[in-house]
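In what follows, chains carry the letters A, B, and so on, assigned in the order in which the sequence lines appear, proteins first and then strands, with residues in each chain numbered from 1. Only this structure's heavy atoms are used, side chains among them; waters, hydrogens and symmetry mates stay out.
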2 protein chains.
Amino acid sequence: MNKIDITRIRRFHRTVTREAGVLDQSFLGRGRPLGLARVLNAIGRGITEVAAIRDYLGLDSGLMSRLLRGLEDEGLVSTTPAPDDARRRIASLTDAGQAEFDAYEDLSNTRAHRLLQNHPNAQALLDAMDLIASALGQHAVTFEEVDTRDSRAIWCLTQYFDELARRFETGFEVHLSKDPEATSMIRPQGAFFIALSDGLPVGCCGLKGHGDWGEVKRLWVAPSARGLKLATRFMDRIEATAHDLGQSVLRLDTNSQLPEAVAMYRRLGWTEIDRFNDDPYPDVFFEKRL
Amino acid sequence: MNKIDITRIRRFHRTVTREAGVLDQSFLGRGRPLGLARVLNAIGRGITEVAAIRDYLGLDSGLMSRLLRGLEDEGLVSTTPAPDDARRRIASLTDAGQAEFDAYEDLSNTRAHRLLQNHPNAQALLDAMDLIASALGQHAVTFEEVDTRDSRAIWCLTQYFDELARRFETGFEVHLSKDPEATSMIRPQGAFFIALSDGLPVGCCGLKGHGDWGEVKRLWVAPSARGLKLATRFMDRIEATAHDLGQSVLRLDTNSQLPEAVAMYRRLGWTEIDRFNDDPYPDVFFEKRL
DNA sequence: AAATTCATCTGACAATGGTCTGATAATCAT
DNA sequence: ATGATTATCAGACCATTGTCAGATGAATTT
């Protein structure tokens, strides 16, 4: 371990802590203590169950209750018992609360906006942020099954095809809006999954149904999230889903120009088979019996 | 401004804030409130004047005084009046204080260490951190005149030659330890500057003395700090120093494969001249009269 | 020499965040 | 039905942090 490497991390940490402090100050400028602001923001971000907020912010139940009461007294939040279990309570923003939340959002967004505008290479900056956020939050990646027309799914697929176009010089011509394959990756024929890191999509993978066998399609992991074994976790999910759908065999095609992918499939117990389609791009074909 | 870009920044911010909170918690584990720990760390990092600490941590003078007293009572810190102005006070760590500071350092370092070890691409992670820290702290870059044998100067020069070796396929053979040019970039013949961002070297530039004229050498800015106009600030300093040393003309050589550099010199008022040395690498030559 | 300015300190006080104990009401297990 | 468990709430309490006015002693200005 290099000494200057530690210096670099420590410097990063200090800078970013200071930045966070500045934002906290600007939040305080709205005349509300930070505790209340944090709860309001959690609710605004869609964390509505009291227990979930407490967990997210790491608060004691007594303190949580008082903060919630404070927001209610201000008329920013209202709470109702959960329909299925009246012990749990659901918090939601009133109109005034929504307005306050928006004001907080504006403070953050303005700061973010200015940071990007003042930087000579905003794209590199964003990539760097993704990389770091993924590294720090690598235990927090969740998976969600979505429709292929979900906006986050489309974002992943766009990234995926962009990357293919970059790596294969022949290019790719895909019109996602009327993608003929998309419908076969929707239940009950197939399925489509995305991986989310704190709400940001960082990967996708599809299972296309062909009756009694399934085909793995469009496995993609964002560059910032590579090395975190997301692909393996995707494949676990795909296999489980294929099993549920009554498929006994999985197949997939890939390209020898992607040696990491080929090596991974071998490691996960796939066996190479003969070409099973006439797609011009792939040149390696795999199969796995469940 | 793209909406998902804002999402990405916000996600980054949340992740990093959470990370900072975790470190604060581990600091609290040493049984001392955060305020005291922060003051102790500031002193350990070399911020010794009471006013400077107050400024750095953004504290009220009353609170500052009390925290300092607390550390003194614990026997971790001692204060003395400043020799030139007995109103100001200088804080310093006692042996026990140094030991405590080291313990805090260990907590941070261990965390940093583990982060790097668990990541598939530590180098990319560090580069990303540098980029972000430079972007966030772009107003905090300071310049320092140092000897060319200073360890930070050598680090910059190593980076510089590595980069040249990468950009010019012919390669570079420089032995920094017995670099014949280094001594002519030391006073009184010349000078050498480095740029520091929160303690991390992010650039360098040398002025080599040739009697009545000076030569600009080894201007380098770290990739993470490019676009922040550091090169311009270096040149301002070099010109001022050359003037002080009684040099009336500055010259430099560069290469047409570095079009950003060539464009910058033109913008700063340099005029192209004929070759003035027989170095094989450069093919463009500039002069500026002061 | 007196007045002013300055850096720090002290004491009083308020706001905030955090912890704990026990109350309440809903739900679950037996 | 009874007791145990669960989620939230309320009250008491303390430590920490933040704020303010004025005191002290050193330096600077007039």
Side-chain angles (χ1 to χ4, degrees), chain A residues 17-18 20-22 24-43 47-74 76-92, chain B residues 17-18 20-22 24-43 47-74 76-92:
Chain A
T17 303
R18 174 156 23 93
V22 171
D24 284 352
Q25 284 300 318
S26 83
F27 275 7
L28 283 175
R30 289 202 63 78
R32 195 170 286 110
L34 227 43
L36 288 172
R38 296 211 305 155
V39 173
L40 186 68
N41 273 291
I43 299 172
I47 306 174
T48 54
E49 296 207 8
V50 172
I53 301 170
R54 226 168 50 201
D55 197 50
Y56 177 67
L57 299 177
L59 298 175
D60 169 87
S61 68
L63 179 53
M64 176 74 235
S65 183
R66 234 181 310 150
L67 293 173
L68 210 50
R69 213 66 350 96
L71 289 172
E72 278 185 317
D73 290 350
E74 277 196 86
L76 302 176
V77 163
S78 64
T79 61
T80 51
D84 57 322
D85 181 345
R87 288 172 305 180
R88 290 181 298 132
R89 312 212 92 211
I90 308 292
S92 60
Chain B
T17 303
R18 173 156 24 92
V22 170
D24 283 353
Q25 284 299 317
S26 83
F27 275 8
L28 283 176
R30 289 201 63 77
R32 196 171 285 109
L34 226 43
L36 287 172
R38 296 211 304 155
V39 173
L40 187 69
N41 273 290
I43 299 171
I47 306 174
T48 54
E49 295 207 8
V50 172
I53 300 170
R54 225 168 51 200
D55 197 49
Y56 177 67
L57 299 176
L59 298 175
D60 169 87
S61 69
L63 180 53
M64 176 75 236
S65 183
R66 238 176 309 146
L67 293 172
L68 210 49
R69 209 72 343 99
L71 291 172
E72 277 186 318
D73 291 350
E74 277 195 85
L76 302 176
V77 162
S78 64
T79 61
T80 51
D84 57 322
D85 182 346
R87 288 173 305 183
R88 291 180 298 133
R89 313 212 92 213
I90 309 292
S92 60

Ordered by number, residues from residues 56-70 of chain B within less than 4.0 Å of DNA chain C (heavy atoms) are Ser61(B), Gly62(B), Ser65(B), Arg66(B), Arg69(B)
Across all chains, not counting sequence neighbours, the side-chain contact (heavy atoms from CB on, under 4.5 Å) partners of Ile90(A) are Thr48(A), Glu49(A), Thr80(A), Ala82(A)
Are Arg38(B) and Leu67(B) side-chain neighbours, meaning at least one heavy-atom pair lies under 4.5 Å? no
Evaluate the side-chain proximity of Val22(A) to Gln25(A): yes if any heavy-atom separation is below 4.5 Å, no if none is. no
Distance-only polar pair, side chains of Ser78(B) and Glu72(B), donor-acceptor under 3.5 Å
no
Applying salt bridge (charged side-chain N to carboxylate O under 4.0 Å, His left out) to Arg18(A) and not counting sequence neighbours gives none
Across all chains, not counting sequence neighbours, the salt bridge (charged side-chain N to carboxylate O under 4.0 Å, His left out) partners of Arg66(B) are none
Please list every donor-acceptor pair under 3.5 Å in which a side-chain atom of residues 51-58 of chain B meets a protein atom from a residue at least two apart or in another chain.
{"unit_1": "Tyr56(B)", "atom_1": "OH", "unit_2": "Arg45(B)", "atom_2": "NH1", "d": "2.9"}

d(Phe27(A) CZ, Leu36(A) CG) to nearest 0.5 Å is 13.0 Å
What is the separation between atom [atom1] on [X] and atom [atom2] on [N], rounded to the nearest whole Å?
X	N	atom1	atom2	value
Leu71(A)	dT16(C)	CG	C1'	14 Å
Ile90(A)	dT8(D)	CD1	C1'	12 Å
Asp55(B)	dT8(C)	CG	C1'	15 Å
Leu28(B)	dG17(C)	CG	P	15 Å
Arg54(A)	dT6(D)	CZ	P	13 Å
Leu34(A)	dT16(C)	CG	C1'	10 Å
Ile53(B)	dA7(C)	CD1	C1'	13 Å
Glu49(B)	dA7(C)	CD	P	10 Å

Using the 3.5 Å cut-off, write out each protein N or O paired with an N or O of nucleotides 26-28 of chain C and the distance between them.
{"unit_1": "dT27(C)", "atom_1": "OP1", "unit_2": "Ala86(A)", "atom_2": "N", "d": "3.0"}

Only one of Thr79(A), Leu68(A), Val50(A) passes side-chain contact (heavy atoms from CB on, under 4.5 Å) with Ile43(A), and that residue is Leu68(A)
Of Ala52(B) and Leu36(A), the one whose nearest nucleotide on DNA chain C sits closer to the 5' end is Ala52(B)
